[in-house]
Amino acid sequence: SNTVRPVPRVGVVVFVLKGKSILLGRRRSSLGDSTFALPGGHLEFGESFEECGAREVKEETGLELGKAEYLTVTNNLFLEEPKPAHYVTIFLRAVLADPNQVPQNLEPHKCDGWDWYDWDKLPQPLFWPLDKMVRSGFSPFLSDSNP
Ligand code: 8DG
Ligand code: MG
Ligand code: MG
């Protein structure tokens, strides 16, 4: 029912790195519609962050990742949305298991398609949790995985 109190959820998203580029897709969703976002999704019961990231990337793009590494976490409130949302978003990074793989758009109702974008020439608009990180100077290339 619409009287159920909303709860925070955990999102796991992945910077898939290829040379100086990252993988982005334009969202088709009530949350961040038509903005460019990382592949990823909701943490399922019992999953590690790395398992979730690998599973979501595989489901959404068909890509097989090498070992994923934790980068950082952000707290994201979407209170302006028709349906308010609160995500704790875990950011991982990984490279492709086989660098010759090509991303497929396996969930076309949720994404316009995946492509590689040079880190220095990111498309606009970025999904705002990602935009906020980029503007703060965060880089998935420089980041230390093990603090
Ligand atoms: P699922 O049913 O496959 O589990 O979920 P999904 O449909 O793939 O979920 P999603 O919206 O792609 O990701 C879950 C949430 O993670 C999203 O609603 C908000 C949060 N999130 C961020 N930044 C990003 C991002 O760059 N990409 C994605 N995909 N989600 C992000 O805070
Ligand atoms: Mg998904
Ligand atoms: Mg997703």
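Start at 1 and go down the list; that is how both ligands and their atoms are numbered.
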Taking NZ, NE, NH1 and NH2 as the nitrogens, is one of them in Asp33 or Arg27 under 4.0 Å from a carboxylate oxygen of the other?
no
Candidate with minimal heavy-atom separation from atom 29 (N) of ligand 1, of Thr35, Val12, Leu38
Leu38
How many angstroms lie between CZ in Arg93 and CG in Leu65, if you round to the nearest 0.5 Å?
13.5 Å
I need the atoms of ligand 1 closer than 4.0 Å to a non-hydrogen atom of Leu31, numbered in the order shown.
18 (O)
Taking the minimum heavy-atom distance to atom 17 (C) of ligand 1, which of Trp128, Phe91, Tyr87 ranks first?
Tyr87
Leu130 and side-chain contact (heavy atoms from CB on, under 4.5 Å): which single residue from Leu24, Leu122, Val13 fits?
Leu24
4.5 Å side-chain heavy-atom contact, Arg9 and His42
yes
Check Gly66 against Ala94 and note the closest heavy-atom contact, atom names and distance.
O-CB, 4.0 Å
Contacts of the Mg ion (ligand 3) with protein N/O/S atoms, counting only those under 2.8 Å
Gly40 O, Glu60 OE2
Protein residue, atom and distance nearest to atom 12 (O) of ligand 1, heavy-atom basis:
Gly40 O, 3.0 Å
Which of the numbered atoms in ligand 1 are below 4.0 angstrom from a heavy atom of Arg27?
10 (P), 11 (O), 12 (O), 18 (O), 28 (C), 29 (N), 30 (N)
Does one side chain, of Thr89 or Asn76, offer a donor that lies under 3.5 Å from an acceptor on the other?
yes
Could you check whether Glu51 pairs with Arg55 (Lys NZ or Arg NE/NH1/NH2 to Asp/Glu carboxylate O, under 4.0 Å)?
no
Closest non-hydrogen contact found for Glu60 with Gly40 is OE2-O, 2.7 Å
Ligand 1 contact on Glu44 by region, counting heavy-atom pairs under 4.0 Å:
neither
When distances are taken from atom 5 (O) of ligand 1, the protein heavy atom at minimum range is His42 ND1, 2.8 Å
Do ligand 1 and Glu107 have nitrogen or oxygen atoms that lie under 3.5 Å from each other?
no
Tell me, which protein residue and heavy-atom name are nearest atom 21 (N) of ligand 1, and how many Å apart are they?
Phe127 CE2, 3.7 Å
Among protein heavy atoms, which sits nearest to atom 2 (O) of ligand 1, and what does the distance come to when rounded to 0.1 Å?
Lys110 NZ, 3.5 Å
At what distance is the nearest protein heavy atom to atom 32 (O) of ligand 1, and which residue and atom is it?
Thr89 OG1, 2.8 Å
Atoms in ligand 1 with a heavy atom of Asn76 nearer than 4.0 Å
32 (O)
Rounded distance [0.5 Å steps], CZ in Phe49 versus CG in Leu43:
6.5 Å
Show me which atoms of ligand 1 lie under 4.0 Å from any heavy atom of Gly11.
16 (O)
Contact check: Glu60 vs ligand 1, nitrogen or oxygen atoms, below 3.5 angstrom:
yes
What part of Arg9, side chain from CB on, backbone N/CA/C/O, both or neither, has a heavy atom under 4.0 Å from ligand 1?
neither
Residue pair Leu17 / Pro140, side-chain heavy-atom distance below 4.5 Å
yes
Which residue and heavy atom of the protein sit nearest atom 30 (N) of ligand 1, plus the separation:
Val13 CG1, 3.3 Å
Measuring from atom 13 (O) of ligand 1, which candidate in Gly25, Gly41, Pro39, Ala37 has the nearest non-hydrogen atom?
Gly41
Just so I know, are the side chains of Tyr117 and Leu23 near enough to count as touching, which here means a heavy-atom distance under 4.5 Å?
no
Count the heavy atoms belonging to other residues, nucleotides or ligands that lie under 6.0 Å from NZ of Lys67, then report whether that count exceeds 12.
no
Check: Gly53 main-chain N/O paired with Glu56 side-chain donor or acceptor under 3.5 Å:
no
Looking at Thr35 and Gly32, would you say the former's side chain and the latter's main chain have a donor-acceptor pair under 3.5 Å?
yes
